[in-house]
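Sharing a structure, written as structure tokens. Questions coming.
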Protein chains: 2
Amino acid sequence: MLSNASKYAIRSILYLATNSSEDHKISVKVIAEDLETPQSFLAKLLQQLTTNKLVSSAKGPHGGFYLSAKNRKKSLWDIIKCIDGGEKFNQCFLGLSECNDVNPCPAHAIVSPFKKQILENFRDKTIGQYADESLEKGTYLTLKELEI
Amino acid sequence: MLSNASKYAIRSILYLATNSSEDHKISVKVIAEDLETPQSFLAKLLQQLTTNKLVSSAKGPHGGFYLSAKNRKKSLWDIIKCIDGGEKFNQCFLGLSECNDVNPCPAHAIVSPFKKQILENFRDKTIGQYADESLEKGTYLTLKELEI
DNA sequence: TCTAAAGTATGATTTTTATCATATATTTCA
DNA sequence: TGAAATATATGATAAAAATCATACTTTAGA
Ligand code: FES
Ligand code: FES
């Protein structure tokens, strides 16, 4: 579904949402280590996200990445659009041009309601809300913290 | 979600399910033209599917591919397993090792029910049933037949 | 004011996926 | 029995995605 790039981007941003603040910026190095993602790839991604105002950054010592209040108002969907492009959810599951109710493919009936629901969720919920819920529910972002 | 390979494979098989029979085999050439997929790529895929008993074939003039009664008992899930491997549905949406309810990622709550239901549908319904439903409901497999 | 710690910019490489191409083996039918 | 139609087998190439690397810029703090 999503590219690695998008997955890393989402995880980084949710990570920043719970762990960073304007007073506590986090460097790519640390993010990459915690999330166990390739560092330079992540650096590139974070640049792109910064350019698109999805995350904030500061150079120099004690610099790093963090989420501003505005950044927290963005959605998962904004991230996906930024990295993978906005077509992710209107593509047909079987690769048949566009996905719509007029020309449904055989998988449409089962797949489509879910796509709609997920898209809605990703579009309507803010990063901030996601982060808050994560804290409540105790979800996981890194492999390290998994209970295995 | 699925690779092009899997998409082509599924579409070919559903196509064969409604258009072919032991008495009416169809050549790669025709399948590829109708589905508008790259011919040699499809040829390779059909070979793999044949090897794995998901489709049947015969060489020589009037040869081609078709679905036997047994082939029709297979599921979409069998196709996906054959082409993309069986991990497609237990991977975490955010790339966090495995997807399970014990160590949910932040997207798990919204994504997981969907994955479960689709997997179930893909596993439990046979190709034959899919084809029958398609005829009833009038779904589409090729770009050509789309109402645009 | 210098140095080190960050991000920024850009391009090279590797890996995976998708696609193209070509030679071989069977089989029907004239 | 031989030519044509088909699948089969295998390898080459191209395109896309992921990863690695390197040089540059800014800034805090000694
Ligand atoms: S048309 Fe194929 S998933 Fe909607
Ligand atoms: S754990 Fe991430 S989708 Fe289930």
| said: What is the distance, to the nearest angstrom, from the CD atom on B:Q47 to the C1' atom on D:dA9? | reply: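 One finds 6 Å between C1' of D:dA9 and CD of B:Q47, rounded.
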| query | NA contact type, B:A43, heavy-atom cut-off 4.0 Å: base, sugar-phosphate, or nothing? | reply |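 Nothing, no heavy atom under 4.0 Å.
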| task | Calculate the interatomic distance between A:L42 atom CG and D:dC20 atom P; express it in whole Å. | result |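 A:L42 atom CG is separated from D:dC20 atom P by 12 Å.
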| query | Closest to the A:K59 side chain: D:dC20, C:dT19, D:dT26? | reply |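 Within the option list, the nearest is D:dT26.
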| task | Assign A:I26 to base, sugar-phosphate, or nothing according to its heavy-atom contacts below 4.0 angstrom with the strands shown. | result |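 Counting heavy atoms under 4.0 Å across all strands, the contact made by A:I26 is with sugar-phosphate only.
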| query | Is the distance between the ring centroids of A:F93 and B:F122 under 6.0 Å? | reply |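 Between B:F122 and A:F93, which both carry aromatic rings, the centre distance is below 6.0 Å.
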| Nearest to side-chain heavy atoms of A:K44, which nucleotide of C:dC20, C:dT10, C:dA5 |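 My answer, after comparing the listed nucleotides, is C:dT10.
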| message | Tell me the interatomic distance from A:L46, atom CG, to C:dA6, atom P, rounded to whole angstroms. | response |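 To the nearest whole Å, that distance equals 14 Å.
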| message | Would you say B:H62 places a side-chain N or O within less than 4.0 Å of OP1 or OP2 belonging to D:dA5? | response |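 The answer is no; no side-chain N or O of B:H62 sits under 4.0 Å from OP1 or OP2.
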| field | A:Q39 CD to C:dG7 C1', straight-line distance once rounded to whole Å | value |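 These atoms are roughly 12 Å apart.
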| So, the side chain of A:Q48 versus the backbone of A:C82: is there a donor-acceptor pair under 3.5 Å, distance only? |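 Judged by distance alone, yes, a pair lies under 3.5 Å.
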| said: With nearest nucleotide decided by heavy atoms, which residue, A:G60 or A:S40, maps closer to the 5′ end of DNA chain C? | reply: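 The residue closer to the strand's 5' end, by nearest nucleotide, is A:G60.
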| query | Is B:K115 close enough and on-axis enough to B:F89, meaning under 6.0 Å and within 45°, for cation-pi? | reply |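 Negative - B:K115 is either too far from the ring of B:F89 or too far off its axis.
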| request: Please determine if B:E120 and B:K116 form a salt bridge, counting it only when a charged side-chain N lies under 4.0 Å from a carboxylate O. | output: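 So B:E120 does not pair with B:K116 through a salt bridge.
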| request: Rounded to the nearest angstrom, tell me the gap between atom NZ in A:K29 and atom P in C:dA4. | output: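 So the two atoms are 16 Å apart, to the nearest Å.
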| task | Among C:dT27, C:dA6, C:dT8, find the nucleotide with the atom closest to the side chain of A:S27. | result |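 Selected nucleotide (nearest to the side chain): C:dA6.
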| field | Length of the line joining B:K25:NZ and C:dT26:C1', which is rounded to integer Å | value |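 Taking NZ of B:K25 and C1' of C:dT26, I get 13 Å after rounding.
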| field | Below 4.0 Å: OP1/OP2 of C:dA18 and any side-chain N or O of B:Y8 | value |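 No, outside the criterion.
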| Out of C:dT8, C:dT19, D:dA18, which nucleotide sits closest to the side chain of A:A5? |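 For the A:A5 side chain, the nearest candidate turns out to be D:dA18.
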| query | At under 4.0 Å, does any side-chain N or O of A:T50 touch on OP1 or OP2 of C:dG7? | reply |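 It does not, given that no N or O in the side chain of A:T50 lies less than 4.0 Å from OP1 or OP2 of C:dG7.
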| query | Should the heavy atoms of other residues, nucleotides or ligands under 6.0 Å from CD of B:E22 be counted, would the total exceed 12? | reply |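 Counting other residues, nucleotides and ligands, CD of B:E22 stays at 12 neighbours or fewer.
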| request: Specify the separation, in whole Å, of atom CG of B:N4 and atom P of C:dC20. | output: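 Distance check: B:N4 CG to C:dC20 P gives 12 Å.
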| request: Let me know the distance between CZ of A:F41 and C1' of C:dT15, rounded to the nearest Å. | output: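 My rounded result for the distance is 12 Å.
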